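Please read all numbers here as calculations on a predicted model, not as lab measurements.
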Amino acid sequence: MKKKSYTPEILQYIPFFYVIWSDDLITVSEINVVDRAIGKDKTLTAENRQLLLSWLNPEHPPENATLKEWKHTLSGTGVKLVERDTYPLSTFSQNLVCHYHEACPFNDQLKHIEVNLGIQPNHYSHLFDVDIEHNATSGYYNASEIDTILKGKHADLVDGFRSVLDHPIFEWDIYRNKEKFRSHVLDQVKFLADNGYGVTAYPEAVGGKDDMEGYAHIFENMMYVDGSLTIKFGVQFGLFGGSIQKLGTKKHHDAYLRDAGTASLLGCFAMTETGHGSNVRGIKTTATYDKDTDNLIIHTPGKNDNKEYIGNALDSTMASVFAQLIVNGKNEGVHAILVPVRNEKHELLPGVTIEDNGYKLGLNGVDNGKIWFNQVSVPRENLLNKYGDISQDGNYHSDIKNPSKRFFTMLGTLVGGRICVARAGLGGAKFALAVAVKHALKRRQFNDSVKIQEDLLMDYPTHQLRLTPLVASAYIYHVTLDKLMATYCDESQTDKRVIETQVAGLKAIITWYANTTIQECREACGGKGYLLENRIADLKGDVDIFTTFEGDNTVLSLLAAKGVLSDFKSEFNSAGFAAVLKILGIQISDKLTTIDPRYSNKVDAEHLYNPKFHKHAFDYRTRRLTYTLAMRIRDYIKQGMPSYQAFLKVQTHLLALGKAYSIELAYKTFVEFTEQLTEDKNKALFEKLGTLYALHEIRKDAEWYLEQDYFGSTKSKAIRQRLERLCTELRPHIGVLVDGFGIPEHLMTAPIAR
């Protein structure tokens, strides 16, 4: 059969018509998109335009002879469709014209059709000769440049820390005996302390660097070594030392902080009790002031009132114990007291009982234990007295008169720990993603009768869709946590209620994300992901607990929602709630207007990729959830229901609001960061990552948006297609993106990732 000669103007459209008619069906949306492109194409003559439009008529589809002519024109030319191209079909069309004609300029209208129809390479690769010699990853972006952007002002600290981790003591190994594992982790912690990292966040007066932001960075990087090391380090220097730093005063700093930072004084953080986990205010351990001896008597009153799951319990010689402080018969609320638990021979002191929690799902290099106190006496000076003190005459006093405000102020100083837990979870997710992506860029599986070699896992659209949005999310959450810690450390921010609400919500969604990501990576690696040597199995066990310590995620999400709902007021009653509704009425009700149908049905790429759309979608969801939640609670209270019961009735609504608020906050933080980038190429990459995150999150909650008529089924479908399209566009760069996490080669120990 002789190939029919087409003009360049017609030839460039033939691959698109061939794809459109390949299933013998053409839709109205396809007709509209192609018709619009043809109408805007100024290179077409009237005759050419008429011919192309004739091929768009569903009542008179192209004849079989025409389809055969198209196939004959496309085949045997040596021109191949390259799936890794940003616009595979448009580029193929251009190369096809170049094969038959001398002049072959790129036609943007073809790109418009490819993008707006959401055409994916896997939809049509069977129709063409396909280039199967994929490069593992493109060199267009530079991983070192990306890593430098993420490190920001902490580059020197992070680089130095990563170099220190290139030491034999940090070589990864499999430990299934918890005693040996714990001993090794303790040696690692002491090694880091000897190299000055234990005092990173402490004041310069005690030999520290006063760099809490830098501490968070090294905390995340420790996860690349091992989760147990990270948590043991965090307990010693963050929780125990941090409680002394944040809740104590100069006398405590001078006496204990330097030793805590050098690990010569090992301590634990004894807050959680068997009977009270997230409800710190309800703990039962008491610290009763004895005026006769000028001592505090620490006591565990009941069977389930012991301290539970206390990290460092088996190694520590001192505990920062949270207890109900009783002075002159009055309960002054929860305070922290430094309580010695062992002597210099590492023997338990009188009245102190400590038991090993035993083996856990993960983190078995951390010595968690239970602690009981039986009338243990410590000096009054051991009370960490920044927010409440007992004077020499035996009376309690505090500059914060309101007990509730005093309690939340005290806990607010420890918010940095929640940020660090989120960073540790993020570090675990990054490591799992790096392993899974590197494996998928090497592992081949399946082929057909035409292809010579099997396809890379990463070239399957399903694999791209399961991993690429998670990689994008890692970037969004990295930037968000950086900003969050900077705000937390900003001394000019005197009102910490806002940051406490933000941290509560973000800690929850990021540690949930980390667990979801690690599981997805395990599955993406098949049986290899199940092997201990490839690290993902241990990460699953280690990061799992992050969803419940430093605050149960569900409780924290509810807390975040209440912060949004109450304008950051900590208590609710019917009188105070009226004021809340007044605030909401001003801030929200005037913005919940009916969505313009033209907006809800808009599906063009320019709109769907626009941050204004993403912000509007997230903002609308948060505001609508807040408004409807407030109305529901108001109605319950009007019916005479106590406010506490009203909140119980709407818990699932509160949870949805907490998540929506946190996702919106993360996205807006990332967009603000990206807008400040000055280098165009990397800025464009970060913008694309932000777009992918936004569409992924909107798509995940499509049910809600559809229920609210925020968008219709056509737009929902378009969002799904754009999401798939973005994953395909980022496929050539996925290897660089995970290398951009900056995980050193000496820590990338999983065999399948090498």
ask   = Taking it one step at a time, do Phe269 and Phe322 satisfy ring pair (Phe, Tyr, Trp, His ring centres under 6.0 Å)?
value = CA-CA 8 Å; Phe269 185 82; Phe322 287 74; 5.0 Å; yes
query = Does the cation-pi check pass for Arg497 over Phe408, that is, NZ or CZ under 6.0 Å from the six-membered ring centre and within 45° of its axis?
reply =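 The answer is no, since Arg497 fails at least one limit relative to Phe408.
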query = Is a side-chain donor-acceptor pair under 3.5 Å present for Asn553 with Lys507?
reply =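 There is such a pair (donor and acceptor under 3.5 Å, judged by atom type) between the side chains of Lys507 and Asn553.
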task = Give me the one residue out of Asp367, Asp356, Asp226 that meets salt bridge (Lys or Arg N to Asp or Glu O under 4.0 Å) with Arg182.
result =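 Option passing the salt bridge (Lys or Arg N to Asp or Glu O under 4.0 Å) with Arg182: Asp356.
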inquiry  = Once rounded to the nearest 0.5 Å, what's the spacing between atom CD1 of Ile283 and atom OG1 of Thr272?
reply    =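 Atom-to-atom, Ile283:CD1 and Thr272:OG1 are 9.0 Å apart.
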task = Indicate yes or no: does Asp254 engage Lys250 in a salt bridge with an N to O separation below 4.0 Å.
result =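 Salt bridge between Asp254 and Lys250, a charged N being under 4.0 Å from a carboxylate O: yes.
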ask   = Is there side-chain contact between Ile390 and Leu325, with heavy atoms separated by less than 4.5 Å?
value =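 Side-chain contact under 4.5 Å: yes.
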query = Within 45° of the ring axis of Phe407 and under 6.0 Å from its six-membered ring centre, is that where the NZ or CZ of Arg281 lies?
reply =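 Yes, a cation-pi geometry.
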task = Answer yes or no: are there more than 12 heavy-atom neighbours, outside Asp399 itself, under 6.0 Å from its atom CG?
result =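 No - once you tally the heavy atoms of other residues, nucleotides and ligands closer than 6.0 Å, there are 12 at most.
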ask   = Would you say Thr749 and Trp172 make side-chain contact, with heavy atoms under 4.5 Å?
value =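 Yes, side chains in contact.
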message = For the NZ atom on Lys284, are there more than 12 heavy atoms of other groups (residues, nucleotides or ligands in this structure) within a distance under 6.0 Å?
response =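 Not buried by this count: 12 neighbours or fewer within 6.0 Å.
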ask   = Is it true that atom OH of Tyr359 has more than 12 heavy atoms of other residues, nucleotides or ligands lying nearer than 6.0 Å?
value =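 More than 12 heavy atoms, drawn from other residues, nucleotides or ligands, come within 6.0 Å of this atom.
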ask   = Around Glu347, counting heavy atoms of other residues, nucleotides and ligands shown, do more than 12 lie under 6.0 Å from its CD?
value =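 Counting neighbours around CD of Glu347, more than 12 heavy atoms of other residues, nucleotides or ligands fall under 6.0 Å, so yes.
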query = Looking only at side chains, do Asn295 and Arg380 share a donor and an acceptor under 3.5 Å apart?
reply =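 The answer is no; no qualifying pair exists.
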query = Would you call Lys430 and Glu220 a salt bridge, taking side-chain N to carboxylate O under 4.0 Å as the test?
reply =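 Looking at Glu220 together with Lys430, the answer is yes, because their closest N to O distance falls below 4.0 Å.
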task = Evaluate the ring pair (Phe, Tyr, Trp, His ring centres under 6.0 Å) criterion for residues Tyr396 and His335: first the C-alpha distance (whole Å), next the side-chain angles of each, then the deciding distance (0.1 Å), finally the verdict.
result = CA-CA 12 Å; Tyr396 178 84; His335 289 66; 5.4 Å; yes
key: Distance-only donor-acceptor check, side chains Thr285 and Gln324, under 3.5 Å   =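 No.
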request  = Kindly indicate whether the side chain of Asn374, heavy atoms from C-beta on, has any atom under 4.5 Å from the side chain of Thr300.
outcome  =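 Asn374 vs Thr300: side chains apart.
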ask   = Looking only at atom types and distance, does a side-chain atom of Ser398 sit under 3.5 Å from a main-chain N or O of Ile400, one as donor and one as acceptor?
value =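 Pair found, side chain donor or acceptor close to backbone of Ile400.
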inquiry  = Just so I know, are the side chains of Met271 and Leu411 near enough to count as touching, which here means a heavy-atom distance under 4.5 Å?
reply    =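 Met271 vs Leu411: side chains touch.
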query = Does Val378 offer a backbone N or O that forms a donor-acceptor pair with the side chain of Asn382 under 3.5 Å?
reply =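 A pair under 3.5 Å: no.
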request  = Please step through side chain to side chain donor-acceptor pair (under 3.5 Å) for the pair Glu308 and Asn357, ending with a clear verdict.
outcome  = CA-CA 8 Å; Glu308 172 78 84; Asn357 270 122; 2.8 Å; yes
query = Taking C-beta and beyond as the side chain, do Met223 and Leu426 meet within less than 4.5 Å on heavy atoms?
reply =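 A side-chain contact is absent here, since even the closest heavy-atom pair is not under 4.5 Å.
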message = Please tell me whether Gln236 and Asp315 have a donor and an acceptor in their side chains that are separated by less than 3.5 angstrom.
response =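 On atom types as modelled, these side chains do not qualify, holding no pair under 3.5 Å.
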task = Taking the six-membered ring for Trp and the single ring otherwise, decide whether the centroids of His184 and Phe170 are under 6.0 Å apart.
result =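 Between Phe170 and His184, which both carry aromatic rings, the centre distance is not below 6.0 Å.
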message = Restricting to ring pair (Phe, Tyr, Trp, His ring centres under 6.0 Å), what partner residues turn up for Tyr289, sequence neighbours left out?
response =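 Tyr289: no ring pair (Phe, Tyr, Trp, His ring centres under 6.0 Å) contacts found.
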Lys NZ or Arg CZ of Lys303 over Trp372 ring: under 6.0 Å, within 45° =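 Not flagged: Lys303 not positioned over aromatic ring of Trp372.
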query = Between CD of Gln375 and CD1 of Ile298, what distance do you get to the nearest 0.5 Å?
reply =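 It comes to 10.0 Å.
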Polar side chain donor-acceptor pair, Asp490 to Thr487, under 3.5 angstrom =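 No pair is found: no donor N or O on one side chain lies under 3.5 Å from an acceptor on the other.
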request  = Could you tell me whether Glu381 and Lys251 have a side-chain N and a carboxylate O separated by less than 4.0 Å?
outcome  =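 Yes, Glu381 and Lys251 are salt-bridged.
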query = Does some side-chain heavy atom of Arg342 sit less than 4.5 Å from a side-chain heavy atom of Ser316?
reply =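 Yes - at least one pair of side-chain heavy atoms lies under 4.5 Å apart.
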Ring-face cation of Lys562 near Phe647 (centre distance under 6.0 Å, axis angle within 45°) =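 Output yes; distance and angle both within limits.
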ask   = Is there side-chain contact between Val189 and Phe237, with heavy atoms separated by less than 4.5 Å?
value =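 Side chain of Val189 against side chain of Phe237, heavy atoms only: contact under 4.5 Å found.
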query = Quick one: are Asn312 and Phe240 in side-chain contact, heavy atoms under 4.5 Å?
reply =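 Not touching, per the 4.5 Å side-chain cut-off.
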Over 12 foreign heavy atoms within 6.0 Å of NZ, Lys483 =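 Atom NZ in Lys483 is not packed in, count stays at 12 or less.
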request  = Give the ring-plane orientation class for His217 versus His154, where under 30° counts as parallel, over 60° as perpendicular and anything between as tilted.
outcome  =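 Geometry flag for His154 against His217: tilted rings.
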